[in-house]
Amino acid sequence: MAANTTKLAAVADAENPAVVCGDVDHFESSFDMAGRANWLRAAVLGANDGLVSTASLMLGVSAVKPDARAMVVSGFAGLLAGACSMAIGEYVSVCSQRDVEIAQLDRDGKRGGDEEKGLPSPAQAAAASALAFSVGALVPLLAAGFIVGYNLRVAVVVAVATLALAAFGCVGAVLGRAPVARSCARVVVGGLAAMAITFGFMRLFRASGV
């Protein structure tokens, strides 16, 4: 009888394994890593936005006025405007999300607990978004800031932007566990298309004398 009881207990343990401390630690570690990967992926996307929008703006202005100062000043203005826009948008978005989650905590009677402490910070999200955008926008600005010749300056901005886009696409693919080659190609083609369209349309203003 005792032997049968022991066998039944062993079967029950096999079918319903207990969660040991090591498993819990591994789960929490995996969860933390996933959260960090999401933050890093968002930062890469923000930097990509800053790079594409600023480079496109600089090329668009240079298509009308081939002046180094105008190109750099427009890029710097784009950096400031884009960083502020990203920060405000992210702050408003996270505030709205936080309000919804706090309202849910109120309904569940969990206000003031650990759940509320784990809610995202609007200020932190805004700062991270602005910083990521600024880092990407600095790439074409630094590439154009020290080159006098117009044709060389445009070529360097496009080349540096392409390399940076490829790097951002690679990092985003690794963090998102997506195919690296396809992700890089998609990011590079999209960025080059944005720059080419902006440059091409603004070139029409120069040709028409506007």
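The structure presented is a predicted model; accordingly, all values stated were derived computationally and were not measured.
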Take a 6.0 Å sphere around CZ of Phe201 and say whether it holds more than 12 heavy atoms from other residues, nucleotides or ligands. no

For the residue pair [X] and [Y], establish whether any side-chain heavy-atom pair is separated by less than 4.5 Å.
X	Y	answer
Leu141	Met58	yes
Ser129	Tyr91	no
Val135	Leu51	no
Asn48	Leu165	yes
Phe133	Ser53	yes
Met86	Asp49	yes

I need the minimum non-hydrogen distance between [X] and [Y], along with the two atoms involved.
X	Y	result
Ala87	Ala126	O-CB, 3.3 Å
Ala125	Glu90	O-CG, 3.5 Å
Cys184	Ala166	SG-O, 3.3 Å
Ser56	Thr198	O-CG2, 3.2 Å

Tell me whether [Y] is reachable from [X] by hopping between hydrophobic residues (I, L, V, M, F, W, Y) whose side-chain heavy atoms are closer than 4.5 Å.
X	Y	result
Val171	Val189	no
Val158	Leu57	no
Met195	Leu138	yes
Val188	Val160	yes

Quick check against the 3.5 Å criterion: does Arg153 have a side-chain atom that pairs as donor or acceptor with the backbone of Ala144?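 Not confirmed, Arg153 side chain does not pair with Ala144 backbone.
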
Spell out, as yes or no, whether a donor-acceptor pair under 3.5 Å connects the side chain of Ser183 to the backbone of Pro179.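 Not a single qualifying donor-acceptor pair exists.
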
Supply the atom-to-atom distance Asp99 CG to Gln97 CD, rounded to the nearest 0.5 angstrom.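 That separation rounds to 10.0 Å.
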
Atom pair OH (Tyr150) and CG (Asp67), whose distance is rounded to the nearest 0.5 Å: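 Here the rounded value is 11.0 Å.
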
Walk me through whether Ile147 and Val157 qualify under side-chain contact (heavy atoms from CB on, under 4.5 Å). CA-CA 10 Å; Ile147 300 177; Val157 168; over 6 Å; no

Out of the candidates Leu59, Val52, Thr54, only one should pair with Pro140 under the side chain to side chain contact (heavy atoms under 4.5 Å, CB included) rule; please name it. Thr54

By side chain to side chain contact (heavy atoms under 4.5 Å, CB included), Leu119 pairs with (sequence neighbours left out) Arg98, Glu101, Ile102, Leu105, Glu116

Compile the donor-acceptor pairs under 3.5 Å between side chains in residues 69-84 and protein atoms, sequence neighbours left out, one pair per line.
unit_1: Ser74; atom_1: OG; unit_2: Ala70; atom_2: O; d: 3.1
unit_1: Ser74; atom_1: OG; unit_2: Met71; atom_2: O; d: 2.7

